[in-house]
Number of protein chains: 2
Amino acid sequence: MGQPGQIREVRDKIGPTRTSDLRAIINLEQRLVPDLIDALTKRYTILRTVSLLQPVGRRLLAQELGITERRLRAEVDFLREQGLLTVSALGMALTPVGEKLVEELAEYVHEARDLTRRETALAERLRLERVIAVPGDSDTSETVQKDMGRAAAQYLKSILSEGMVLAVSGGTTLASVAAALVPANYHGRITVVPARGGMGEDLDKQAGSIAAKIAAKLNANHRLLHLPDNLGEEAAAVLAQEPEIREVLELVRSASVLLLGIGVAQAMARRRHLRPDQLALLNELGAVGETFGYYFNRRGEIVYVTPSTGLKLENIKRIGHVIAVAGGASKAEAILAVLSYNFPPLTLVTDEGALTGMLKLLEGR
Amino acid sequence: MGQPGQIREVRDKIGPTRTSDLRAIINLEQRLVPDLIDALTKRYTILRTVSLLQPVGRRLLAQELGITERRLRAEVDFLREQGLLTVSALGMALTPVGEKLVEELAEYVHEARDLTRRETALAERLRLERVIAVPGDSDTSETVQKDMGRAAAQYLKSILSEGMVLAVSGGTTLASVAAALVPANYHGRITVVPARGGMGEDLDKQAGSIAAKIAAKLNANHRLLHLPDNLGEEAAAVLAQEPEIREVLELVRSASVLLLGIGVAQAMARRRHLRPDQLALLNELGAVGETFGYYFNRRGEIVYVTPSTGLKLENIKRIGHVIAVAGGASKAEAILAVLSYNFPPLTLVTDEGALTGMLKLLEGR
DNA sequence: CGTTGATGGCTACCTTAACAGTCATATGCT
DNA sequence: AGCATATGACTGTTAAGGTAGCCATCAACG
């Protein structure tokens with residue numbers, strides 16, 4: 001739909017103010033009536049297609065639009081009622097009013113659908129199941145971070161069902177997911193576990209605390225891994241034999257949903273108090289992104305792993321749903337690196353800043 | 001809703017482009033997805049009402065909005081899921097995000113209801129300086145009445161300055177203006193007086209009480225007319241000689257701002273305990289609207305005056321600002337009648353219900 | 001200090017109306 | 001006549017909304 005060339009021209013004439021106003025309005029609308037934009041776009045697409053193909057019959061049009069004829073009929077009836085198109089024996093055609101509407105709507109729809117378009121573009125490039133992006137940039141605005149949290153929380157709830165095991169990693173982003181979760185009651189039929197053992201000082205941002213918080217909100221069970229993160233190998237092996245711990249570890253490795261945050265490698269390494277020589281090594285290896293202890297280079301290859309207990313990347317393959325949440329332009333490179341790894345079906349919840357950054361990086365390649 | 005004074009200011013700063021853009025977009029949307037725009041305004045109304053009443057329970061809110069509790073629940077669930085409001089044991093309240101959204105949406109809804117255009121249309125037809133209308137109908141919702149009070153209070157403050165004398169009439173509407181007034185400090189440099197002597201039993205709705213309340217809120221002076229309203233002519237003449245009373249009377253007659261409510265003639269006459277023969281007379285004379293003792297027929301002619309002490313219509317000509325406040329579809333005819341009289345520059349603060357009613361009546365003529 | 005009434009939230013059940021799928025029919029063009 | 005199209009009617013499914021009864025909480029009051 002929508003000849004981009006034309007739209008660009010129009011926009012340039014009108015100037016940036018109009019576009020930003022438009023965005024602001026679209027934003028408000030999307031919050032209060034999310035399906036408004038969808039419905040509007042759908043009808044716009046119909047009008048637009050008719051305008052190109054007219055006169056056109058319903059069967060053909062339905063086929064063209066990929067919807068059933070019956071459904072199309074309902075839409076067409078409405079549009080005719082509104083005086084935007086007429087039907088004759090030869091098929092449908094737009095009225096002058098309809099033609100004008102299509103023209104005026106072009107910019108709006110383009111603007112409204114821009115995020116969606118880029119979401120799918122990124123999803124295709126990285127072979128992700130789905131990308132959900134909220135407007136704005138977490139780097140510059142805290143509300144965007146919250147917004148992203150809410151989007152992730154909403155998506156999470158949509159795929160959760162009783163009997164599932166949910167593994168979560170740590171970080172501020174996931175903390176905001178937990179905070180944004182609207183309480184629900186799963187009658188203890190869901191179990192939430194941290195993907196790995198404890199780490200760092202800030203309790204609120206640890207995987208364990210986040211697991212506990214999510215469990216509380218959903219009235220679910222939670223189990224914790226009371227283990228230091230940086231164990232030696234033998235010590236880890238010994239501890240893993242403890243029944244209590246083994247049980248949790250098995251739970252973690254059988255998780256059906258994994259919720260993970262993504263960090264910038266250097267920042268994460270520093271937060272983990274790696275030694276200077278380790279930091280240098282990471283740098284040398286080209287590590288840019290990190291998620292629950294695994295460091296990735298630009299090509300999505302694992303270049304370093306912090307010794308830790310809990311979920312291993314091998315176990316991940318069996319997980320049905322992986323949800324990655326991360327945003328902010330500054331994280332674009334890190335997210336890209338991590339997601340270049342060959343994950344199972346993965347949904348990325350991000351923000352416009354990171355989305356734009358990632359697409360730009362991909363273009364540069 | 002949405003503080004018309006502020007809105008107008010903002011709008012002026014941004015210039016006409018934004019408003020017309022907004023109008024254009026809303027127009028398109030209204031053509032293509034009318035029911036979703038309805039949903040949008042409905043949700044806005046809910047948020048707005050919660051914002052005024054919070055914390056508020058569902059039952060009360062449903063009653064206020066005139067919808068069933070069940071229906072409201074669906075909406076509330078959605079709004080909560082969107083992070084716009086929270087529910088607690090005490091009831092619902094807006095989140096900061098929700099508050100911000102309401103603010104940003106005010107202008108949108110104003111445009112969506114086509115209030116701006118209709119405001120100016122009415123102002124032109126009746127030669128008023130300005131018309132300010134809030135969305136909704138006071139007849140069916142109490143919050144609309146409050147909202148109208150807020151709009152009037154805000155406008156009043158915008159034109160008040162030190163040294164002024166403000167005369168007020170009575171009625172529930174003006175009581176809500178007084179209640180909505182945000183306290184300010186005029187250092188006793190403003191004087192508030194009732195437009196007329198006392199009347200009726202309900203103290204809170206009397207001109208005197210309202211004057212006192214407004215004065216208290218603004219830290220202004222007030223003087224009262226301790227006079228029965230229904231005096232004989234001689235008695236009035238005698239009393240008017242009393243220095244104390246004479247002083248106040250002169251103050252009233254030199255008022256620079258007049259705030260008045262408008263009532264339906266029959267209802268007001270009954271509240272004033274006029275005799276049946278007087279009521280019949282009013283009816284015969286075609287009185288439909290009333291303001292501070294003057295009764296007007298449909299053509300804006302004074303057909304009856306209750307004998308009283310205080311401001312006379314002759315004195316009104318010198319007053320710089322007259323603010324009339326009245327709303328509700330049921331008052332449309334009365335307001336129209338009163339405002340057909342040749343007032344000095346007058347600003348009408350009303351609601352959508354009355355505005356719609358008035359325009360319909362004007363069209364019928 | 002317990003009781004009661006008001007307010008607020010939650011769940012379950014059932015009715016109804018909107019929606020979409022299917023088939024049959026009418027119309028007009030070639 | 002044959003094709004493509006619109007149009008209408010019938011129907012099963014589904015989700016929305018109405019109704020009702022329940023419990024929790026809090027404050028007023030005996």
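A note on names: the letters A, B, ... follow the listed sequences, proteins ahead of strands, and every chain is numbered from 1.
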Q.
Any salt bridge linking B:Arg43 with B:Asp38? Criterion: basic side-chain nitrogen under 4.0 Å from a carboxylate oxygen.
A. no
Q.
Would you compute the distance between atom OG of A:Ser141 and atom CG of A:Asp147 and round it to the nearest 0.5 angstrom?
A. 8.5 Å
**Q.** Cationic N near anionic O, under 4.0 Å, B:Glu81 to A:Arg150
**A.** no
Q. With the threshold set at 4.0 Å, does a side-chain nitrogen-carboxylate oxygen contact exist between A:Glu142 and A:Lys146?
A. no
Q. Rounded to whole angstroms, how far apart are CD1 on A:Ile67 and P on C:dC19?
A. 14 Å
Q) How many Å lie between CZ on B:Arg71 and P on C:dT15, as a whole number? A) 21 Å
(Q) Looking only at the side chains, is there a donor atom on one of B:Thr68 and B:Arg73 sitting less than 3.5 Å from an acceptor on the other? (A) no
Q.
Tell me if the CD atom of A:Gln82 is crowded by more than 12 foreign heavy atoms within 6.0 Å.
A. yes
N/O to N/O distances under 3.5 Å, protein versus nucleotides 7-13 of chain C:
residue, atom, partner, partner atom, Å
C:dG8, OP1, B:Gly57, N, 3.0
C:dG8, N7, B:Arg59, NH1, 3.1
C:dG9, OP2, B:Arg58, N, 2.9
C:dG9, N7, B:Arg59, NH2, 3.3
C:dG9, O6, B:Arg59, NH2, 2.2

(Q) At a heavy-atom distance below 4.0 Å, which nucleotide of DNA chain D is the first touched by chain A, and which is the last? (A) D:dT5 to D:dA9
Q.
So, using salt bridge (Lys or Arg N to Asp or Glu O under 4.0 Å) as the criterion, who are the partners of B:Asp35 when residues are at least two apart?
A. none
(Q) Less than 4.0 angstrom between a side-chain N/O of A:Thr68 and OP1 or OP2 of C:dG21, yes or no? (A) yes
Q. Any salt bridge between B:Glu111 and B:Arg117, counting N to O under 4.0 Å?
A. no
